[in-house]
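No hydrogens, no waters, no symmetry mates; every other heavy atom, side chains included, goes into these values. What you see is a predicted model, and the numbers here were worked out from it, not measured in a lab.
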Amino acid sequence: MIEKLLTPYNPLDAEDRIYAIWKESGFFNPDVCIEKGVTEKDAPYFSIVLPPPNVTGTLHLGSAYMLALQDIMTRFARMQAKRTLWIPGTDHAAIATQSKVEKQLQKEHGKSRHDFGREAFLHHVGTFAQESHDTIVSQMMKMGCSVDWSREAFTLDQKRNIAVKTTFKQMYDDGLIYRGYRVVNWDPKGQTTISDDEVVYEERQSVLYTFKYSPEFPIAISTTRPETKVGDTAVAVHPDDIRYKEYVGKTYDLEFCGESLSITVVADISVDPLFGTGALGVTPAHSSIDWEIAQRHNLPQKPVINEFAKMSVESPLLSGKKVLEARELVVAYLKEHDLLLKEEAVTQNVSTAERTGGIIEPLPKLQWFINVNKEFVYPHENLPHVKKGDIVTLKKLMLSVVEEKNIDILPDRFVKVYTHWIENLRDWCISRQIWYGHRIPVWYKGEEIYCGIEAPEGADWEQDSDTLDTWFSSGLWTFSTLGWPAPKGTLGETGPENDLANYHPTTILETGYDILFPWVARMILMSTYLVGAIPFKTVYLHGLVRDNKGQKISKSLGNNIDPLDMIKDYGADAVRMALIIGTGPGNDSKISLDKFKAYKHFANKIWNIARFVVTTAGPKPDVKPEITDQDYALLEEQNELVREITEEMDQYKYYLAGEKLYHYIWHRFADVIIEESKPILKDGTDVEKNSRVWTLYCILETSLTALHPFMPFITEELWSILGKKNLLMTEKWPLLR
RNA sequence: GCGCGAUUAGCUCAGUUGGUUAGAGCAUCUCAUUUACACUGAGAGGGCCGGGGGUUCGAGUCCCUCAUCGCGCACCA
């Protein structure tokens with residue numbers, strides 16, 4: 001064993017071997033810990049779900065950072081003798097995965113998903129997802145993640161499918177899910193609707209045209225999208241605008257670009273009289289604002305753009321033309337007929353689809369929605385600030401648990417961001433016209449509709465062909481992974497079937513601030529509604545990992561760093577430290593090779609400290625010798641350090657705790673304590689020598705223990721070299737010994 | 001338009017509730033060293049804590065204001 005110390009530390013050799021030992025031990029599973037007497041059955045629990053990585057490929061540095069943070073939390077809890085559960089899993093990521101596979105198939109076979117058909121296409125996606133999954137799992141192992149693999153979940157597996165269908169049915173029965181015809185965000189490229197928070201705004205240069213529909217029409221309007229104006233059914237003005245008062249209520253029949261339009265002038269307070277001409281051409285079918293105006297004034301809708309972003313009008317001028325082409329044609333028409341009054345350059349936010357980059361086309365469609373404003377009677381008893389029988393809405397539930405501080409968000413400035421977002425929340429469009437995902441559990445037969453977990457009895461029922469937004473299933477993650485909807489619910493009994501009783505609410509959710517809305521908010525919605533509990537007590541939001549220039553890491557920028565390459569060059573422990581240190585919650589961080597290098601040196605330092613203690617100081621005495629005052633002081637000093645870092649870790653300040661340990665081990669233990677030990681070991685009295693040898697071992701062991709959550713591999717390796725029989729991963733945290 | 005964050009040494013960042021002389025790592029420079037470890041040690045230089053104003057016995061820290069950068073939301077006729 002000791003011979004190993006004489007050669008430099010080789011992370012490549014040690015890490016895989018050690019991970020296999022951990023996994024083999026079963027201690028990632030809290031049931032095994034209880035069974036083998038490592039953890040008390042009634043110990044407090046610590047539970048955390050892994051934000052399931054998308055099965056769209058491989059993990060990046062940001063994921064590695066997330067894994068490192070969560071593993072630190074988990075290992076720290078396990079060493080504090082808590083019943084510790086970290087649940088791993090992956091996310092099917094509906095649109096993201098499907099569009100990736102579609103691209104691949106198009107490239108390799110020149111075929112679209114429709115050429116393959118639903119079943120064959122899904123088979124291809126399944127294969128791709130499985131490969132990505134396997135890669136991700138192996139990356140997690142390389143990082144040292146102490147997750148309970150026996151409880152691994154997938155957002156699209158059988159159990160999660162039951163959870164999804166159960167949820168859908170319950171919300172449907174409660175009237176919280178409804179089917180409605182309205183303007184939605186349509187992605188022509190992905191051929192599906194998307195929700196409001198899957199829309200990304202891009203600033204672009206555009207032209208604002210001011211014109212009249214026809215010479216006889218009295219009011220000029222402004223728009224950046226002249227091609228949609230063939231779908232206008234009204235012009236809206238502010239009720240107090242004296243310029244237009246005389247026209248309000250009148251209807252004009254006119255010809256515009258070869259289309260017959262019937263335009264009614266209406267007064268609506270949503271119109272800003274100072275913008276443009278103060279008159280707004282209302283296009284109910286292609287703008288959600290206009291749709292609402294049309295609802296208020298009972299105006300007809302006239303769709304003029306189809307799902308392929310082409311004009312669907314009769315007019316020979318525009319029929320079948322792409323919207324951009326049609327725009328130019330309409331502008332030419334306006335010029336030709338002397339109707340164009342003004343052209344101004346403006347910067348404008350263009351809506352694009354997050355996953356495909358397609359320009360969003362607002363279209364009226366029949367879709368499924370979750371009603372966030374509908375009042376219902378709250379059926380659960382366990383929320384502290386919402387009582388059974390209270391009238392609530394999903395929005396109110398989402399707001400109250402955060403406002404009442406049942407859930408803490410770190411850093412707390414995100415509380416404001418969260419509240420603001422919820423307050424502006426509109427109904428959540430959950431249906432997608434893609435194939436990869438949970439199919440909507442609704443069947444149709446003529447006018448009849450059936451919603452259920454299983455298909456209805458009898459012939460001629462046809463299932464809705466749409467699938468659900470990926471966040472619908474992710475929203476259930478904290479409890480769908482713990483046995484819901486069929487938990488036994490026996491508190492204190494071990495085994496996965498009792499997980500919901502034993503491990504929910506989860507202790508902490510650790511994720512990126514960029515998915516506060518799509519994910520964290522949805523989990524709060526689903527958990528408070530379905531389980532009657534908060535999904536987690538604390539939300540720790542981490543920032544983005546950027547390159548050393550502060551740029552976002554992405555494949556297109558070519559600055560992508562593969563965590564596996566870093567692990568190969570520097571070791572997983574060094575990668576973890578480099579990602580963790582200097583990175584507080586909510587702040588983006590910059591990473592450079594120098595940082596990885598620095599912590600590789602640190603690993604080497606620890607290795608050599610152990611070599612010095614074992615070889616130069618000699619073996620640890622079997623019996624504790626008399627300890628000198630000087631050495632007591634050293635031990636007490638280290639104790640104080642451990643107390644400090646424990647407190648910091650309790651406050652989630654891992655970046656501080658890690659740095660302090662680093663500093664202590666290198667610049668105190670190695671540079672000072674070991675240096676001053678040399679003359680003592682050489683020329684000291686027997687009492688001094690024995691005391692110092694014992695003390696060096698104590699300091700080393702405590703250092704390894706405290707450092708274990710941060711650098712699990714090298715500390716475990718040294719622990720075994722020191723001849724310890726147990727695994728360091730289940731050793732008690734220094735303060736508990 | 002509304003809101004949030006950042007601004008501290010050449011670089012990356014700490015700096016808890018206001019409290020001695022503002023810290024760390026990396027980088028730079030000097031010196032040491034057949035050393036547990038060159039993946040080393042000792043030391044040095046380097047800061048108007050973004051600008052201005054205020055509160056206070058005392059401000060990097062609290063308040064106001066401006067500037068630059070970044071982000072979120074809304075608008076997007």
Side-chain angles (χ1 to χ4, degrees), chain A residues 5-6 8-9 196-197 201-204 206 208-211 220-226 228-229 232 235-237 270-283 287-290 293 346-351 411 413-425 513-514 516-517 543-544 546 548-550 552 570-571 574 577-578 581-584 586-595 597-617 644 647-648 651 653 655-656 659-660 662-663 666-667 670-672 674-675 677-678 681 696:
Chain A
L5 278 178
L6 301 178
Y9 176 58
D196 293 343
D197 48 280
Y201 297 103
E202 276 177 27
E203 206 167 79
R204 289 189 194 173
S206 180
L208 182 68
Y209 300 95
T210 301
F211 67 94
I221 56 163
S222 301
T223 185
T224 52
R225 297 202 58 188
T228 63
K229 298 288 108 181
D232 284 12
V235 162
V237 298
S270 70
V271 179
D272 176 3
L274 300 176
F275 188 96
T277 62
L280 164 68
V282 182
T283 323
S287 152
S288 52
I289 301 283
D290 293 8
I293 295 175
V346 289
T347 52
Q348 186 197 24
N349 282 329
V350 174
S351 309
R413 62 186 149 90
F414 281 100
V415 169
K416 212 170 168 181
V417 181
Y418 174 88
T419 327
H420 183 246
W421 185 79
I422 303 283
E423 280 163 358
N424 283 304
L425 189 62
Y513 63 74
D514 52 331
L516 177 62
F517 305 145
L544 266 50
R546 296 169 177 278
N548 56 359
K549 291 178 202 134
K552 214 168 175 173
Y570 304 103
M577 286 292 269
I581 290 186
T583 315
N587 292 334
D588 294 353
S589 58
K590 294 180 193 171
I591 195 76
S592 64
L593 294 184
D594 280 348
K595 214 170 168 187
K597 211 165 107 189
Y599 293 104
K600 188 190 179 184
H601 293 181
F602 179 50
N604 177 67
K605 194 72 181 178
I606 300 163
W607 191 257
N608 279 295
I609 288 170
R611 185 197 292 185
F612 175 85
V613 172
V614 171
T615 61
T616 309
E644 269 175 46
E647 195 177 318
E648 279 160 0
Q651 296 166 7
K653 293 179 179 171
Y655 58 103
L656 278 184
E659 195 172 1
K660 273 191 187 168
Y662 168 88
H663 199 256
W666 196 317
H667 299 298
D671 290 351
V672 177
I674 286 186
E675 286 308 320
S677 296
K678 288 175 185 174
L681 294 172
L696 287 172

Quiz item: Going by the side chain to side chain donor-acceptor pair (under 3.5 Å) test, which pairs reach into residues 270-279 of chain A, not counting sequence neighbours?
Solution: A:Asp268-A:Ser270

Quiz item: Side chain of A:Tyr201, base of B:C76: donor and acceptor closer than 3.5 Å?
Solution: yes

Quiz prompt | Listed partners of A:Asp196 passing salt bridge (Lys or Arg N to Asp or Glu O under 4.0 Å), at least two apart | solution = A:Arg426

Practice problem: Just jot down the salt bridge (Lys or Arg N to Asp or Glu O under 4.0 Å) partners of A:Asp290, sequence neighbours excluded, or say none. | Solution: none

Practice problem: Could you pull out all residues at least two apart from A:Tyr655 that satisfy ring pair (Phe, Tyr, Trp, His ring centres under 6.0 Å)? | Solution: none

Polar pairs (N or O, both sides) under 3.5 Å between protein and nucleotides 3-5 of chain B?
residue	atom	partner	partner atom	Å
B:G3	O3'	A:Lys416	NZ	3.4
B:C4	OP1	A:Lys416	NZ	2.9

Quiz item: Taking a pair as Watson-Crick (N1 to N3 plus N6-O4 or O6-N4) or G-U wobble (N1-O2 and O6-N3), both under 3.5 Å, which stems of 3 or more consecutive pairs involve RNA chain B?
Solution: B:1-7 with B:67-73, B:10-13 with B:23-26, B:28-32 with B:40-44, B:50-54 with B:62-66

Quiz item: Who are the side-chain hydrogen bond (donor to acceptor under 3.5 Å, both in side chains) partners of A:Lys229, not counting sequence neighbours?
Solution: A:Asp232, A:Thr283

Exercise. Just jot down the side-chain hydrogen bond (donor to acceptor under 3.5 Å, both in side chains) partners of A:Thr223, sequence neighbours excluded, or say none.
Key: none

Quiz item: Is there a side-chain contact between A:Val235 and A:Val282, using heavy atoms and a 4.5 Å cut-off?
Solution: no

Quiz item: Taking only residues two or more places apart in sequence, or in another chain, which ones meet A:Glu648 in a salt bridge (Lys or Arg N to Asp or Glu O under 4.0 Å)?
Solution: A:Lys660

Quiz item: Reckon A:Ala670 touches a base, only the sugar-phosphate, or nothing at all at heavy-atom distances under 4.0 Å?
Solution: base

Practice problem: For A:Leu280, report the nucleic acid contact type (base, sugar-phosphate, nothing); a contact means any heavy atom under 4.0 Å. | Solution: base

Quiz item: For nucleotides 20-31 of chain B, read 5' to 3', which letter fits each nucleotide if B means a protein heavy atom sits under 4.0 Å from the base, S means only the sugar-phosphate is that close, and - means neither?
Solution: ----SSS-----

Practice problem: For A:Arg204, enumerate each residue passing the salt bridge (Lys or Arg N to Asp or Glu O under 4.0 Å) test, keeping only those at least two apart in sequence or located in another chain. | Solution: A:Glu202

Practice problem: Check every strand shown and say whether A:Leu208 touches a base, only sugar-phosphate, or nothing at a heavy-atom separation below 4.0 Å. | Solution: sugar-phosphate

Exercise. For A:His601, enumerate each residue passing the ring pair (Phe, Tyr, Trp, His ring centres under 6.0 Å) test, keeping only those at least two apart in sequence or located in another chain.
Key: none

